[in-house]
Protein chains: 2
Amino acid sequence: MQLHISSDGVPIYQQIVDQIQYRIMSGQLAVGDELPTIRGLAEDLRVNPNTVARAYRELENEGLVEKRRTTGTFVAELPATRSLAERRRLLTPHLDKLIIQSRQLGFSVGDLLDLLRKRDAQITKTKRLR
Amino acid sequence: MQLHISSDGVPIYQQIVDQIQYRIMSGQLAVGDELPTIRGLAEDLRVNPNTVARAYRELENEGLVEKRRTTGTFVAELPATRSLAERRRLLTPHLDKLIIQSRQLGFSVGDLLDLLRKRDAQITKTKRLR
DNA sequence: ACCGTTGTATTAGCTGAATAATACAATGGG
DNA sequence: CCCATTGTATTATTCAGCTAATACAACGGT
């Protein structure tokens with residue numbers, strides 16, 4: 001698991017969360033796969049174990065991974081799905097933000113939808129590239 | 001212009017930026033419209049003028065507003081459009097993030113596109129509600 | 001020409017977040 | 001049964017970002 005940490009202002013723990021989340025959601029990491037140990041990854045990244053632990057804790061809170069003492073951390077089963085209303089409530093602010101940004105860049109709704117479709121296909125495809 | 005500031009961790013200046021940007025992009029504010037003066041808005045919000053000034057500066061950097069000394073701040077003409085490649089480059093990270101979040105909530109691409117269309121229509125509609 | 005109003009600049013304080021140092025606790029495999 | 005390895009907890013330090021206080025500068029209307 002070679003993660004790529006950059007010093008662009010995004011917290012290290014957040015970069016770890018983002019990248020692992022991305023790999024799980026794109027299918028590069030499958031249910032049951034083992035993540036690097038906290039200490040192991042911390043050493044790789046030349047970072048304090050607490051920093052990795054924090055990232056893993058967030059992933060656990062999101063239900064994406066499961067920690068087992070003395071064994072390691074693993075990609076979890078898909079978390080229990082919330083109600084549709086709840087899921088929409090959570091997504092809507094992000095939709096709005098994207099729409100505003102898209103408009104500001106001069107894209108029409110159609111443009112946006114097209115780009116989104118293409119991007120989704122691209123993300124799905126990366127699964128095979130390993 | 002009644003803005004709504006909440007103390008939920010998002011910086012005040014950022015909330016100002018977001019809300020004004022939203023109003024411009026949704027058509028609630030039209031080109032040439034005058035924004036509140038820095039001092040005026042600062043007083044409304046019980047906030048230091050510098051905080052509002054910072055928000056306005058960011059909006060100016062994005063090309064959304066134009067400041068005129070001794071006169072005020074106004075919604076600017078639509079900024080010069082960048083190249084398509086550049087605009088896509090800027091949007092792509094946001095697309096990816098939304099796709100990941102959407103997947104994590106259990107939505108399919110189709111779901112996501114549907115929700116996006118609806119939301120866009122909603123945002124466009126708010127223009128008339130004033 | 002003035003002066004009130006507009007935006008601007010400088011400095012400083014403070015809070016909170018991020019990370020690290022270090023020590024603790026649990027448990028499965030040899 | 002024990003101990004190496006796993007994750008956990010506590011505490012401290014540093015640093016950046018946000019906001020405020022205050023003073024400055026420009027300019028248009030009267």
Side-chain angles (χ1 to χ4, degrees), chain A residues 1 3-21 24 29 31-77 79, chain B residues 1 3-21 24 29 31-77 79:
Chain A
M1 169 99 48
L3 298 188
H4 192 273
I5 301 302
S6 71
S7 47
D8 60 350
V10 181
I12 295 168
Y13 82 92
Q14 188 64 57
Q15 296 187 47
I16 296 171
V17 168
D18 289 345
Q19 290 179 47
I20 292 179
Q21 179 177 302
I24 294 175
L29 284 173
V31 171
D33 281 0
E34 179 170 4
L35 298 188
T37 67
I38 288 179
R39 279 179 169 77
L41 184 53
E43 193 169 350
D44 271 9
L45 302 179
R46 315 281 180 73
V47 138
N48 192 283
N50 281 323
T51 303
V52 178
R54 173 163 183 187
Y56 280 21
R57 197 184 323 132
E58 301 228 341
L59 289 166
E60 191 179 33
N61 290 340
E62 291 174 7
L64 287 177
V65 308
E66 180 187 0
K67 288 186 281 202
R68 301 183 208 141
R69 273 240 159 160
T70 77
T71 310
T73 302
F74 302 82
V75 177
E77 303 288 336
Chain B
M1 168 97 49
L3 299 187
H4 189 272
I5 301 302
S6 70
S7 45
D8 59 352
V10 180
I12 296 168
Y13 82 91
Q14 188 63 55
Q15 296 188 48
I16 296 171
V17 167
D18 289 345
Q19 290 180 47
I20 291 178
Q21 181 178 310
I24 293 174
L29 283 173
V31 171
D33 280 0
E34 179 169 5
L35 298 188
T37 66
I38 287 180
R39 279 180 169 76
L41 183 53
E43 193 167 352
D44 271 7
L45 303 179
R46 313 282 180 73
V47 138
N48 192 282
N50 280 325
T51 302
V52 177
R54 173 162 183 187
Y56 279 22
R57 196 183 325 131
E58 301 227 341
L59 289 166
E60 190 178 33
N61 290 341
E62 292 174 6
L64 286 178
V65 309
E66 181 186 359
K67 288 187 280 201
R68 300 184 208 139
R69 274 243 158 156
T70 75
T71 309
T73 302
F74 302 83
V75 177
E77 303 288 336

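All values below were derived from every heavy atom in this structure, side-chain atoms included, with hydrogens, water molecules and symmetry-related copies excluded. In the text below, chain A, chain B and the rest are named by the order of the sequence lines, each starting its count at 1.
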So which of A/Ile16, A/Asp33, A/Leu29 actually passes side chain to side chain contact (heavy atoms under 4.5 Å, CB included) with A/Met1? A/Leu29
Give a yes or no on whether B/Gln14 atom CD has more than 12 heavy-atom contacts from other residues, nucleotides or ligands under 6.0 Å away. yes
Whole-Å gap separating P (C/dG4) and CZ (B/Arg39): 13 Å
Has B/Thr51 got a side-chain N or O lying under 4.0 Å from the OP1 or OP2 atom of D/dC18? no
Quick one: B/Glu34 CD to C/dT6 C1', roughly how many Å, whole number? 10 Å
Between B/Arg46 and A/Ile38, which has a closest nucleotide on DNA chain D that is more 5'? A/Ile38
Counting only heavy atoms not in A/Glu62, do more than 12 sit closer than 6.0 Å to its CD atom? yes
Under a 4.5 Å cut-off applied to non-hydrogen side-chain atoms, are B/Glu77 and B/Glu66 in contact? no
Gap between atoms CG and P, on A/Asn48 and C/dA21 respectively (whole Å): 6 Å
Closest nucleotide among D/dC18, D/dG7, C/dA18 to the A/Tyr13 side chain: C/dA18
Please evaluate the base of C/dA9 for a donor-acceptor partner in the side chain of B/Asn50 within a cut-off of under 3.5 Å? yes
If I take atom CD1 from residue B/Ile5 and atom CG from residue B/Leu3, how far apart are they, to the nearest 0.5 angstrom? 6.0 Å
Members of residues 55-72 of chain B that approach DNA chain D, where some heavy atom sits under 4.0 Å away: B/Arg69, B/Thr70
B/Val65 versus B/Tyr56, closest heavy-atom pair with distance: CG2-O, 3.9 Å
Would you tell me if any nitrogen or oxygen in the side chain of A/Arg54 comes within less than 4.0 Å of OP1 or OP2 on C/dA18? yes
Can you check the B/Glu43 CD to D/dA21 P distance for me, whole Å? 13 Å
Whole-Å gap separating C1' (D/dC18) and CG (B/Asp8): 15 Å
How do A/Gln14 and B/Pro36 order along DNA chain C: which one's closest nucleotide is nearer the 5' end? B/Pro36
What is the distance from atom CZ of B/Arg54 to atom CG of B/Asn48, rounded to the nearest 0.5 Å? 12.5 Å
Whole-Å distance separating the CG atom of A/Leu41 from the C1' atom of D/dT6: 14 Å
